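Let me begin by presenting the structure, written as structure tokens, before commenting on it.
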Amino acid sequence: MHAHRAFNPITPMKTCLGILLLLAAAVWADEPRDIAFTAKVDGTEQRYVELLPPGYSPDKTNDVLIVFHGHGADRWQFIKDARGECKGVRDVAAKFG
């Protein structure tokens, strides 16, 4: 995990069985990272994709966009898919940083 970061998006959601996807801008500071954690509620491995914006610093306040995928999709759809709802999320994140 990322203990060095000031904000851990999983901490308030450890019992959530959904998959998280974090987006912040169209031009990313890093490549998307596939991160696993163990859900306390049932002990299963869950995954989310973390994508950090340009200029990300754990020392400052950062906005977070969390997107939940639906049945039949996976955590990568909002990173890679060209469909309107996926591209729309990326466009909004880029517009508002």
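Any value given below was found using the heavy atoms of this structure, including those in side chains, with hydrogens, waters and symmetry copies removed. Nothing here was measured: the structure is a model prediction, and the numbers come from that model.
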First locate atom CZ of Arg75, then atom NZ of Lys80, and finally report the distance between them rounded to the nearest 0.5 Å. 9.5 Å
Does the pair Val49 and Phe78 meet the rule for a side-chain contact (heavy atoms from CB on, under 4.5 Å), with working shown? CA-CA 10 Å; Val49 177; Phe78 288 97; over 6 Å; no
Please find the pair of heavy atoms, one from Ser57 and one from Asn62, that lie closest to each other, and give the distance. O-ND2, 3.0 Å
Taking Asp74 first and then Arg47, would you say they form a salt bridge - that is, a charged N and a carboxylate O separated by under 4.0 Å? no
Look at the side chain of Asp34 and the backbone N and O of Pro32, then say whether any donor-acceptor pair between them is shorter than 3.5 Å. no
Which value, rounded to the nearest 0.5 Å, describes the distance between Arg90 atom CZ and Asp81 atom CG? 7.0 Å
Under the rule for side-chain hydrogen bond (donor to acceptor under 3.5 Å, both in side chains), what residues qualify as partners of Lys87, not counting sequence neighbours? Asp91
